[in-house]
Amino acid sequence: MSVILRKKCIVKAMNEYLSPERHHKLTLSNLDLLSGRFPVTYLYLYCHSRLDRGSINISNNVFESLKTSLAKTLSYYYPFAGRIVEDPQTSQTLIICDNNGALLVEAVANIPLIHLDFYNLNQTLERILVSCLTPDEFPFPVQVQVTCYTCGGVSITFTFDHALGDATAFGNFLSSWSQLARDMPLSCVPDLDLGRSLPPRLPPTYHSYFNHVFVKCTLEDIRNIPKTGILLKRLYFVDASSINHLQTLASADGNKRTKIEAFSAYVWKIMATSIDESHANCKMGWLVDGRGRLSHSSMSNYIGNVLSVAIEEASIVEIKQGSISAIANNVHRAISKVTNEAHFQDLIDWIECHKPGLMLPRFVLGWEGPALVISSGRRFPVAELDFGFGSPVLGTVSSTIKNSGVGYMNQRPSARGDGSWVISAILWPQLAAALESDSFLAEKSEELDCDTWHFYSSRRSS
């Protein structure tokens with residue numbers, strides 16, 4: 001596989017949408033400071049057979065079409081066309097809303113889309129997205145690469161600086177872009193200010209728990225995460241029937257558990273078998289969106305970071321011996337401790353007391369032994385992300401980071417719309433091997449057909 005860059009341009013917000021008073025500085029909110037400034041990448045694939053060729057000519061016009069609609073979208077989401085800098089006087093991180101622009105790149109691959117290897121996702125991603133490893137190498141907080149394949153198919157990778165927002169914010173941005181590309185009205189009118197006005201209490205106060213879970217850190221700390229061996233990037237497909245079966249097992253004691261709680265319990269049991277005997281305990285974490293937990297009715301359209309993390313530690317022996325339902329109960333209790341306004345207010349206050357700088361959960365830096373974070377993206381747009389040339393056959397999240405302090409598994413609905421999932425993962429080799437030896441992630445089909453897209457499997461025989 002070779003990929004040749006063909007075009008590169010900087011896309012600025014359209015002036016007729018961008019009002020003069022928007023040229024200003026935005027200070028990151030306290031919750032924005034919990035993002036770690038990591039790059040976040042979303043990958044979408046569009047097959048030749050799915051493309052609406054009456055709409056635009058894929059090989060020639062998709063780039064120009066995306067360029068025009070991106071300019072419109074940036075006018076509504078103007079911080080996404082800005083620059084993220086550190087104020088030399090206050091050391092606070094700022095978004096300079098000066099319409100510096102977003103980077104849009106077009107590339108051409110010498111293979112058909114169907115030959116991409118999504119099991120060894122590390123190598124594939126290196127070719128089909130704009131390289132950006134750290135904020136120093138990331139002058140544009142939004143970078144997009146459109147790659148065209150010999151079959152007429154297209155992949156699009158969208159990379160965002162996490163300081164701009166979280167998955168909900170990026171999902172709204174992508175949905176708005178696809179709607180504007182089809183000349184549709186926006187389903188979400190972005191709110192760029194509300195979350196930045198969530199004040200700490202005076203004086204700030206918080207539970208001592210937060211001192212044990214979170215830590216102030218620097219970009220240098222993030223770059224120097226210990227070599228944990230968490231390097232493998234994988235893409236897995238999970239059939240809807242398997243998910244439903246897990247939920248039944250997790251609810252066996254009469255307590256109805258969510259699908260993500262059931263899946264977490266299953267993964268935790270598998271994870272416990274992959275950890276060497278030098279560790280007695282292991283941790284799981286779950287990202288929790290604060291929208292809907294805070295007493296602001298319009299937070300759903302807020303574009304920024306409103307995330308926290310629930311963390312639970314357990315003995316490896318206990319997890320190995322426990323039933324799926326018992327472990328799912330532990331998962332439920334851990335998440336419930338975070339899904340409330342009091343937790344988020346305490347977190348805002350804790351960050352206020354530790355500014356300036358960045359904040360992270362301690363275990364994310366790889367300081368506290370084996371750990372895995374699970375994120376649910378059940379509301380993230382997948383099949384509906386049509387930019388005027390048809391629906392995608394895949395939409396998922398990944399990462400460009402080279403070394404991770406914890407494992408990650410990110411769930412998204414598959415483009416089939418039948419309740420199946422796509423899981424993007426960053427794993428250590430032993431955990432990957434343990435997951436792939438279990439029938440839950442076993443291969444569903446050896447037939448790799450772009451119309452039905454049966455490529456999401458843990459193993460490929462072809």
Side-chain angles (χ1 to χ4, degrees), residues 9-19 22 26 32 39-44 46 52 55-56 62-82 84 95 97 99-104 140-146 154 156-196 289 291-292 296-307 377-392 395-397 412-413 415:
C9 69
I10 298 170
V11 180
K12 297 179 181 289
M14 292 179 64
N15 289 331
E16 61 256 40
Y17 290 91
L18 193 64
S19 59
R22 289 180 174 176
L26 285 177
D32 287 332
V40 180
T41 294
Y42 297 96
L43 166 65
Y44 284 79
Y46 297 82
D52 181 3
S55 171
I56 60 173
V62 64
F63 184 83
E64 292 302 320
S65 173
L66 288 171
K67 179 180 175 181
T68 300
S69 53
L70 175 57
K72 294 179 182 178
T73 309
L74 291 173
S75 302
Y76 293 97
Y77 293 77
Y78 56 89
F80 286 52
I84 302 177
I95 303 176
C97 301
N99 204 15
N100 185 58
L103 181 64
L104 180 63
F140 300 97
V142 176
Q143 299 183 175
V144 182
Q145 179 169 324
V146 181
V154 173
I156 310 178
T157 52
F158 310 88
T159 300
F160 303 93
D161 189 311
H162 211 327
L164 288 174
D166 52 22
T168 299
F170 299 145
N172 285 339
F173 175 85
L174 294 175
S175 293
S176 295
W177 186 355
S178 69
Q179 290 159 7
L180 291 170
R182 289 174 286 148
D183 295 321
M184 295 175 61
L186 294 185
S187 60
C188 164
V189 178
D191 186 325
L192 301 163
D193 299 310
L194 178 61
R196 293 182 176 87
D289 191 340
R291 298 170 180 84
H296 295 270
S297 59
S298 58
M299 281 293 288
S300 61
N301 289 353
Y302 171 61
I303 306 303
N305 287 282
V306 198
L307 287 181
R378 61 188 179 89
R379 295 190 182 93
F380 199 84
V382 178
E384 58 267 44
L385 215 66
D386 178 357
F387 290 95
F389 43 87
S391 297
T396 190
V397 64
R412 294 289 182 272

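Aromatic ring pairs are classed by plane angle as parallel below 30°, tilted from 30° to 60° and perpendicular above 60°; the pair Phe160 and Phe170 is parallel. Between Trp177 and Phe387, the angle of the ring planes goes over 60°, which puts this pair in the perpendicular group of the 30/60° scheme. The aromatic rings of Phe173 and Phe80 sit parallel, their planes meeting at an angle under 30°, below the 60° perpendicular limit.
If you take OH on Tyr42 and OG1 on Thr157, they are separated by 13.0 Å, rounding to the nearest 0.5 Å. In this structure, CG on Leu385 lies 4.5 Å from OH on Tyr44, to the nearest 0.5 angstrom. The structure places CG of Asn301 at 8.5 Å from OG of Ser187, a figure rounded to the nearest 0.5 Å. Between atom OG1 of residue Thr73 and atom CG of residue Asn172 there is a gap of 12.5 Å, rounded to the nearest 0.5 Å. For the atom pair CD1 (Ile303) and CG (Asp191), the distance works out to 8.0 Å, reported to the nearest 0.5 Å. Here the CE atom belonging to Met14 is positioned 11.5 Å from the CG atom belonging to Leu70, to the nearest 0.5 angstrom.
In this structure Thr68 satisfies the side chain to side chain donor-acceptor pair (under 3.5 Å) test with no other residue, sequence neighbours excluded. Listed by chain and residue number, Cys9, Val11, Glu64, Leu104 satisfy the side-chain contact (heavy atoms from CB on, under 4.5 Å) test with Lys67 (two or more places apart in sequence, or in another chain). In this structure Asp166 satisfies the side chain to side chain donor-acceptor pair (under 3.5 Å) test together with Arg291, sequence neighbours excluded. Checked against side chain to side chain donor-acceptor pair (under 3.5 Å), Thr168 has the following partners two or more places apart in sequence or in another chain: Asp289.
Residues Val144 and Leu66 form no side-chain contact, since every pair of their non-hydrogen atoms from C-beta on lies 4.5 Å or further apart. Phe380 is not listed as a side-chain neighbour of Val397, based on a closest heavy-atom distance of 4.5 Å or more. Tyr78 places none of its side-chain heavy atoms less than 4.5 Å from the side chain of Ile95. Leu164 is listed as a side-chain neighbour of Ile84, based on a closest heavy-atom distance under 4.5 Å.
Within the structure, the side chain to side chain donor-acceptor pair (under 3.5 Å) test picks out no pair touching residues 377-390 (sequence neighbours left out). Among residue pairs with one or both ends in residues 175-186, those qualifying as salt bridge (Lys or Arg N to Asp or Glu O under 4.0 Å) are Lys72-Asp183; sequence neighbours excluded.
Residues Cys97 and Pro79 share a closest heavy-atom pair of SG-CA, 4.1 Å. Here the closest heavy-atom approach between residue Ser175 and residue Pro381 is recorded as OG-CG, 3.4 Å. Pro392 and Ala415 make their closest contact through O-CB, 3.4 Å (heavy atoms, listed as atom of the first residue, atom of the second, distance). Closest approach of Asn305 and Ala163 over heavy atoms only: ND2-O, 3.5 Å.
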Q | Audit row: Val62, Tyr46, side-chain contact (heavy atoms from CB on, under 4.5 Å) steps and yes/no | A | CA-CA 11 Å; Val62 64; Tyr46 297 82; over 6 Å; no
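Listed for the Lys12 side chain is a donor-acceptor partner under 3.5 Å among the backbone atoms of Asn100.
Side-chain contact annotation: Tyr77 with Ser176, donor-acceptor N/O pair under 3.5 Å present.
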